[in-house]
Undergrad: 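Here it is: the structure, laid out below.
Quantities reported herein were computed from a predicted structural model and do not represent experimental measurements.
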Amino acid sequence: MVHRHDDNDAVIDPAYTKRLGCVNVPKNKMPDQETSPQAVYRMIHDELLLDGSSRLNMATFVTTWMDPEAEKLMAETFDKNMIDKDEYPQTAEIERRCVNIVANLFHAPSTGDAIGVSTIGSSEAVMLGGLAMKWKWRQRRQAAGLSSDRPNLVMGSNVQVVWEKFCRYWDVEPRYVPVAHDRFTVDAAETMTYVDENTIGVVPILGTTHTGEFEPIKDIHDRVVAYNAENGTDIALHVDAASGGFVAPFLHPNLVWDFRLPQVKSINVSGHKYGLTYPGIGFVIWRSAEELPEDLIFHVNYLGGDMPTFTLNFSRPGNQIVGQYYNFIRLGRDGYRKVMEGLRDTAKFLADGIAQLDAFDVISDGTDIPVLSFKLTDPSRYTVFHVSDELRRDGWQVPAYTMPPNAEDIAVLRIVVREGFSLDLAESLLGALRKAVTRLNTTPPAHEAESGFAHT
């Protein structure tokens with residue numbers, strides 16, 4: 001969010017002002033005097049009570065619970081700057097281990113030279129993966145004496161907004177493959193109609209934001225390989241595995257979507273989603289060093305040694321990578337599998353309960369990743385936006401939104417099941433949903449759907 005400068009004289013009147021001996025605090029300016037740490041803590045702590053409960057927030061994919069031991073480790077490493085690998089060599093070593101663990105999880109070639117970096121979530125990872133694809137495409141075009149001024153990127157209209165940002169920021173034409181009323185992922189054959197010699201890459205999604213479903217990655221891959229062979233191109237696949245990259249290896253180990261497919265050149269994943277780590281941490285992995293152009297790597301020496309770096313961010317705390325490493329070691333493959341199975345079972349429990357309400361049609365039931373989406377069977381009396389508002393009465397935050405272009409007349413609710421969301425809480429959510437439907441059936445909102453009631 002972009003914040004406008006506000007120069008008014010509004011103040012905060014902290015609770016317990018007289019007891020703690022502090023005075024009103026200006027909202028938009030730095031106060032002239034210092035204040036005791038106890039008073040400042042109490043003031044900010046109380047303000048944050050106005051936020052919703054993270055445990056009842058079914059909108060976010062981001063991890064909201066970790067082991068106390070992980071929290072302690074992360075608190076101990078807030079002050080370590082990840083970029084300063086000369087001063088903090090063990091943190092750098094832990095990052096190296098994490099990158100290798102992720103590369104191994106995604107079946108990077110054991111005889112190759114896979115390479116990767118940790119990032120501030122998948123947003124930064126997407127930017128880096130996209131830049132590498134653009135640079136590689138431009139190098140090939142220039143080497144062949146061809147124009148390199150009209151790059152495009154092919155992806156579904158259901159992509160996360162960061163891909164739109166990448167295209168706008170880095171001057172790449174986005175080509176959006178539409179979804180359909182009965183299909184909320186891209187069609188592989190239709191995807192290829194958007195591809196041409198200026199395509200820097202194709203981006204299928206392992207776990208879409210809208211419904212949590214997997215796109216047909218292997219089918220798209222095989223068609224891209226055939227296209228390359230026929231046309232003498234080398235169009236890459238970058239798999240956006242932000243949501244599904246830490247789920248598929250454990251719930252769907254036989255699903256071929258990663259570096260087992262030779263034209264998959266890079267993959268991004270969010271550690272702070274189903275990597276089970278607090279934000280923000282992500283990774284981008286390339287199948288070989290050749291896929292990351294040297295021109296994109298910067299070398300700095302003013303931190304004490306030669307520091308090759310390929311990130312958009314520079315300074316950031318080392319605690320995020322430490323938290324991720326804790327999870328990798330603490331859980332192991334068996335632990336991650338058990339967690340994902342538990343989350344999937346909770347999601348399917350919710351999906352079954354929602355289907356039995358007779359008010360909704362379930363679109364995705366948590367089979368691919370622990371995310372379910374559903375729409376109203378009859379939206380003529382009230383909308384999913386009314387249902388979402390009703391749920392807020394009981395403290396539940398369940399987002400409602402319209403689907404991507406070509407299916408934007410369909411509005412859905414979505415629930416993301418994360419660690420810490422138990423079957424007991426799922427039963428409570430079903431009860432709140434049941435009450436919401438009963439209230440809306442008893443007293444439907446008057447003409448709000450027709451008058452443009454907050455549908456965006």
Undergrad: Looking at F421 versus W65, is the centre-to-centre ring distance below 6.0 Å?
TA: no
Undergrad: Could you report the tightest heavy-atom contact between F246 and G271, atom names first, then the distance?
TA: CE1-CA, 3.7 Å
Undergrad: Which pair of heavy atoms, one from R418 and one from N57, lies closest together, and at what distance?
TA: NH1-O, 2.7 Å
Undergrad: Are M133 and L153 close enough that some pair of their side-chain heavy atoms sits under 4.5 Å apart?
TA: yes
Undergrad: State, yes or no, whether a side-chain contact exists between D358 and T377 at a heavy-atom distance under 4.5 Å.
TA: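 Of all side-chain heavy-atom pairs linking T377 with D358, none is under 4.5 Å.
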Undergrad: Nearest heavy-atom pair of K136 and E291: which atoms, and what distance?
TA: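 Between these two residues, the closest heavy atoms are CG-O, 3.8 Å.
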Undergrad: Can you name the one residue among Q142, R140, Q139, K134 that meets side-chain contact (heavy atoms from CB on, under 4.5 Å) with S148?
TA: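 So the option named by the test is Q142.
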Undergrad: How long is the gap from CG on L440 to NZ on K435, to the nearest 0.5 Å?
TA: 12.5 Å
Undergrad: Does a donor on one side chain and an acceptor on the other come within less than 3.5 Å for D234 and Q263?
TA: yes
Undergrad: Taking NZ, NE, NH1 and NH2 as the nitrogens, is one of them in R337 or E341 under 4.0 Å from a carboxylate oxygen of the other?
TA: yes
Undergrad: Verify whether one side chain among H238 and S266 offers a donor that lies under 3.5 Å from an acceptor in the other.
TA: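 Looking only at side-chain atoms, S266 and H238 do form a donor-acceptor pair, the distance falling under 3.5 Å.
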Undergrad: Do F250 and Y336 make the cut of ring centroids closer than 6.0 angstrom?
TA: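 Yes - the distance between ring centres of F250 and Y336 falls below the 6.0 Å cut-off.
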Undergrad: Using side-chain contact (heavy atoms from CB on, under 4.5 Å), reason through N319 and L73 one step at a time and then give a plain yes or no.
TA: CA-CA 7 Å; N319 68 326; L73 270 175; over 6 Å; no
Undergrad: Is it true that the side chains of S364 and S373 contain a donor and an acceptor less than 3.5 Å apart?
TA: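 Per modelled atom types, S364 and S373 side chains form a pair under 3.5 Å.
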Undergrad: Quick check for you: to the nearest 0.5 Å, what is the distance between Y278 atom OH and Q320 atom CD?
TA: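 With rounding to 0.5 Å, OH (Y278) is 13.5 Å from CD (Q320).
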Undergrad: Using modelled atom types only, decide if a donor and an acceptor are shared between the side chain of R330 and the backbone of G335 within a distance under 3.5 Å.
TA: no
Undergrad: Using only atom types and a distance under 3.5 Å, with no angle test, would you say the side chain of T346 pairs donor to acceptor with the backbone of G342?
TA: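 Between the backbone of G342 and the side chain of T346 there is a qualifying donor-acceptor contact (under 3.5 Å).
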Undergrad: If you measure from CD on E215 to CG on D368, what distance do you get to the nearest 0.5 Å?
TA: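 Here the rounded value is 11.0 Å.
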Undergrad: Answer yes or no: are there more than 12 heavy-atom neighbours, outside R96 itself, under 6.0 Å from its atom CZ?
TA: yes
Undergrad: What's the spacing between E419 CD and L276 CG if we round to 0.5 Å?
TA: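 Going from the CD atom of E419 to the CG atom of L276 covers 5.5 Å.
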Undergrad: Can we say E173 and R175 salt-bridge, meaning some charged N sits less than 4.0 Å from an Asp/Glu carboxylate O?
TA: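 R175 and E173: salt-bridged.
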Undergrad: What do you reckon, are the aromatic ring centroids of F214 and H252 less than 6.0 Å apart?
TA: yes
Undergrad: Got a donor-acceptor contact below 3.5 angstrom from the Y194 side chain to the T199 backbone?
TA: no
Undergrad: Does the side chain of Y88 pick up a donor-acceptor pair with the side chain of N81 at under 3.5 Å?
TA: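 Distance-only check fails for Y88 and N81.
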Undergrad: Check whether more than 12 heavy atoms from other residues, nucleotides or ligands sit under 6.0 Å from atom CD of E290, and answer yes or no.
TA: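 Check fails, neighbour count at 12 or below.
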Undergrad: Look at R97 together with E93 and state whether they make a salt bridge at an N to O cut-off of under 4.0 Å.
TA: yes
Undergrad: Would the distance check show the side chain of W137 and the main-chain N or O of E197 forming a donor-acceptor pair, the cut-off being under 3.5 Å?
TA: yes
Undergrad: Should V416 and T60 be marked as a side-chain contact (heavy atoms from CB on, under 4.5 Å) after you check the CA-CA gap, both sets of side-chain angles, and the distance that decides it?
TA: CA-CA 7 Å; V416 179; T60 183; over 6 Å; no
Undergrad: Take V412 and H210 through the side-chain contact (heavy atoms from CB on, under 4.5 Å) test and state the conclusion after the steps.
TA: CA-CA 9 Å; V412 303; H210 291 82; over 6 Å; no
Undergrad: Take a 6.0 Å sphere around CG of D171 and say whether it holds more than 12 heavy atoms from other residues, nucleotides or ligands.
TA: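 Counting neighbours around CG of D171, 12 or fewer heavy atoms of other residues, nucleotides or ligands fall under 6.0 Å, so no.
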Undergrad: Do the two ring centres, one from F374 and one from F360, sit under 6.0 Å apart?
TA: yes
Undergrad: With no hydrogens and no angle check, do the side chains of T233 and N231 hold a donor and an acceptor under 3.5 Å apart?
TA: no
Undergrad: Looking just at side-chain N and O atoms, do W163 and D240 make a donor-acceptor pair shorter than 3.5 Å?
TA: yes
Undergrad: Is it true that, when you exclude E69 itself, more than 12 heavy atoms of the residues, nucleotides or ligands shown sit nearer than 6.0 Å to its CD?
TA: yes
Undergrad: I'd like to know if R223 and D219 make a salt bridge, using a cut-off of under 4.0 Å between side-chain N and carboxylate O.
TA: yes
Undergrad: Any heavy-atom pair between the side chains of D345 and F349 that's under 4.5 Å?
TA: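 Side chain of F349 against side chain of D345, heavy atoms only: no contact under 4.5 Å found.
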Undergrad: H107 side chain to R260 main-chain N or O, any donor-acceptor pair under 3.5 Å?
TA: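 No; zero donor-acceptor contacts below 3.5 Å.
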Undergrad: Can you tell me if S270 uses its side chain to pair, donor with acceptor, with the backbone of H272 under 3.5 Å?
TA: no
Undergrad: Parallel, tilted or perpendicular: which fits the ring planes of F166 and W170, with parallel below 30° and perpendicular above 60°?
TA: tilted
Undergrad: Regarding D424 and S422, do their side chains bring together a donor and an acceptor under 3.5 Å, going by distance alone?
TA: no
Undergrad: Do any N or O atoms from the side chain of N228 and from the backbone of I235 form a donor-acceptor pair under 3.5 angstrom?
TA: yes
Undergrad: Report the distance from atom CG of L206 to atom CD1 of I369, rounding to the nearest 0.5 Å.
TA: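 It comes to 8.0 Å.
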Undergrad: Would you tell me whether T208 and E213 have side-chain atoms, one donor and one acceptor, within less than 3.5 Å of each other?
TA: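 Distance-only check fails for T208 and E213.
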Undergrad: Using atom types as modelled and distance alone, determine if a side-chain donor or acceptor of R141 lies under 3.5 Å from a backbone N or O of S147.
TA: yes
Undergrad: Going by heavy atoms in the side chains, are V256 and L261 under 4.5 Å from each other?
TA: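 V256 reaches L261 side chain to side chain.
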Undergrad: Is the backbone N or O of V371 less than 3.5 Å from a side-chain atom of R414, with the two atoms forming a donor-acceptor pair by type?
TA: no
Undergrad: For side-chain contact (heavy atoms from CB on, under 4.5 Å), just list the numbers for L429 and W396, CA-CA rounded to whole Å, side-chain angles, deciding distance to a tenth of an Å, and then say yes or no.
TA: CA-CA 7 Å; L429 177 53; W396 294 100; 3.6 Å; yes
Undergrad: How long is the span from the CG atom in N158 to the OG1 atom in T211, to the nearest 0.5 Å?
TA: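 Between atom CG of N158 and atom OG1 of T211 there are 7.5 Å.
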Undergrad: Under the side chain to side chain donor-acceptor pair (under 3.5 Å) criterion, do H181 and N406 qualify, and how do the steps go?
TA: CA-CA 7 Å; H181 275 83; N406 239 39; over 6 Å; no
Undergrad: With a 4.5 Å limit on heavy-atom distance, are the side chains of I415 and I354 in contact?
TA: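 Yes. Closest side-chain heavy atoms under 4.5 Å.
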Undergrad: Would you check if there is a donor-acceptor pair between the side chains of S54 and T64 at a distance under 3.5 Å?
TA: no
